[in-house]
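On a predicted model such as this, the values are computed, not experimentally measured, just so you know. Positions are given from 1, in the same order as the sequence printed here.
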Amino acid sequence: MADLTGRMIGAMKADVKPFEEIEADPSAMTQAITVIVIAGVAALIGNFFRAGLISGIGGLVGSLVGYALFSFLVFLIGTKLMPEPATKADFSEAFRTIGFAASPGVFSVLAIIPILGPLISFVVGIWSLVISVIAVRAVLDYSNTARAIIVCVIAAGLALV
C-alpha cells in the first residue's frame, strides 16, 4: 500500500496500518505534502463562489503552514510533555503521518454544491479531525486514544492562537 492513493484511502478508512507505514517511510514526505495540497485545492474549488480566489489561495497556503505548525506542536507536546514509555517520534514522522489526515479533504470539492456546501465542509472537517487523532496515536505510539485527543486539542488550540 505504498502508493499515494492506497495510503489516502487507508487513512480515510481510519486504518492504523497506513499511518504506521507512513511513519516508517521517510520518502512519504512528498506524499504527505501532496495530500495537503490536493485537499487545499479541493477546498479552494469547493468554496470558490463563497470565498473567492484570493481567499482560496490564502486558505491553501494556510493549510500547509497549519499542518506544519500542528505537527510541530503535536511532536513537542507528545514527545516532551506527554510521552509514554514507547513514544519515539521526530518532527518529520509526525508531519508525514498527520499530513495524511488531510485525505478526506479531497471531498471538499463537493462544497461547491449550493446549500449543501457548508454541511459538506463541516463533515469533511470532522472526518479529518477524527483521522488526526488516529494519526497522532499512531505516530506517538500511544496505548490509548484519550491521550491522543488531549494532545490534539492542546496542539490545535495553540496553533489557532
Side-chain angles (χ1 to χ4, degrees), residues 1-48 51 53 56-79 84 86-113 116-117 119-145 147-149 151-152 155-156 159:
M1 194 191 301
D3 68 318
L4 177 64
T5 305
R7 285 179 169 174
M8 287 177 70
I9 291 169
M12 285 189 269
K13 290 180 178 178
D15 184 6
V16 175
K17 186 180 178 207
F19 290 115
E20 291 172 351
E21 182 182 292
I22 293 160
E23 177 187 3
D25 182 7
S27 67
M29 182 64 80
T30 304
Q31 288 183 344
I33 293 168
T34 301
V35 171
I36 297 167
V37 170
I38 290 170
V41 169
L44 185 147
I45 293 167
N47 295 303
F48 179 76
L53 182 62
I57 291 172
L60 178 60
V61 171
S63 69
L64 282 169
V65 172
Y67 269 97
L69 179 59
F70 180 71
S71 299
F72 180 71
L73 291 169
V74 163
F75 162 70
L76 282 180
I77 295 164
T79 61
E84 286 189 350
T87 300
K88 290 180 186 169
D90 60 31
F91 170 73
S92 62
E93 290 172 345
F95 183 82
R96 286 192 309 266
T97 307
I98 294 168
F100 272 85
S103 294
V106 299
F107 294 106
S108 293
V109 73
L110 299 175
I112 202 165
I113 299 170
L116 293 178
L119 177 63
I120 291 169
S121 294
F122 177 76
V123 170
V124 167
I126 296 297
W127 190 2
S128 293
L129 179 62
V130 169
I131 292 173
S132 292
V133 170
I134 293 165
V136 168
R137 181 176 177 184
V139 75
L140 297 177
D141 302 309
Y142 281 167
S143 61
N144 66 59
T145 305
R147 187 178 289 252
I149 291 170
V151 169
C152 285

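- Heavy-atom contacts from other residues, nucleotides or ligands closer than 6.0 Å to CZ of Phe91 number more than 12.
- Once rounded to the nearest 0.5 Å, the distance linking CZ of Arg137 with CD of Glu84 reads 8.5 Å.
- The shortest non-hydrogen separation linking Ser108 to Val124 is OG-CG1, 3.5 Å.
- Considering every non-hydrogen atom in both Ser132 and Cys152, the closest pair reads O-SG, 4.0 Å.
- Of all the heavy atoms in Ala94 and Phe75, the pair that sits closest is CB-CB, 4.2 Å.
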side-chain contact (heavy atoms from CB on, under 4.5 Å) between Phe95 and Ile33, worked out: CA-CA 9 Å; Phe95 183 82; Ile33 293 168; 3.7 Å; yes
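- Of the N and O atoms on the side chains of Asp3 and Thr5, not one donor lies less than 3.5 Å from an acceptor on the other residue.
- Looking at heavy atoms from C-beta onward, Leu4 lies in side-chain contact with Phe100 at the 4.5 angstrom threshold.
- The structure places CD of Glu93 at 8.5 Å from CG of Asp141, a figure rounded to the nearest 0.5 Å.
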Step-by-step side-chain contact (heavy atoms from CB on, under 4.5 Å) determination, Glu21 to Asp15: CA-CA 11 Å; Glu21 182 182 292; Asp15 184 6; over 6 Å; no
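- Scored by the salt bridge (Lys or Arg N to Asp or Glu O under 4.0 Å) test, Glu20 finds no partners at all (sequence neighbours excluded).
- Here salt bridge (charged side-chain N to carboxylate O under 4.0 Å, His left out) pairs that include residues 25-35, with residues two or more places apart or in two chains, are Arg7-Asp25.
- Closest approach of Ala155 to Leu73, counting heavy atoms only: O-CD1, 3.4 Å.
- Of the inter-residue distances, the one linking Ile134 atom CD1 with Leu129 atom CG reads 10.0 Å to the nearest 0.5 angstrom.
- Considering only heavy atoms from C-beta on, Ser103 stays 4.5 Å or farther from Ile131 through its side chain.
- Contact record, Tyr142 with Ala148: CD1-N, 3.6 Å, taken as the closest heavy-atom pair.
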Test log, rule side-chain contact (heavy atoms from CB on, under 4.5 Å), inputs Val139 and Arg96: CA-CA 9 Å; Val139 75; Arg96 286 192 309 266; over 6 Å; no
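- Of the options Leu140, Leu69, Thr97, Thr79, a side chain to side chain contact (heavy atoms under 4.5 Å, CB included) to Val74 is made by Leu140 and by none of the others.
- Annotation: salt bridge (charged side-chain N to carboxylate O under 4.0 Å, His left out) contacts involving residues 31-47, sequence neighbours excluded, are absent.
- A donor-acceptor contact shorter than 3.5 Å links the side chain of Ser63 to the backbone of Leu60.
- Thr34 pairs with exactly one of Val37, Ile36, Ile38 by the side chain to side chain contact (heavy atoms under 4.5 Å, CB included) rule, that one being Ile38.
- Of all heavy-atom pairs spanning Phe19 and Ala11, the tightest one is CZ-CB, 3.6 Å.
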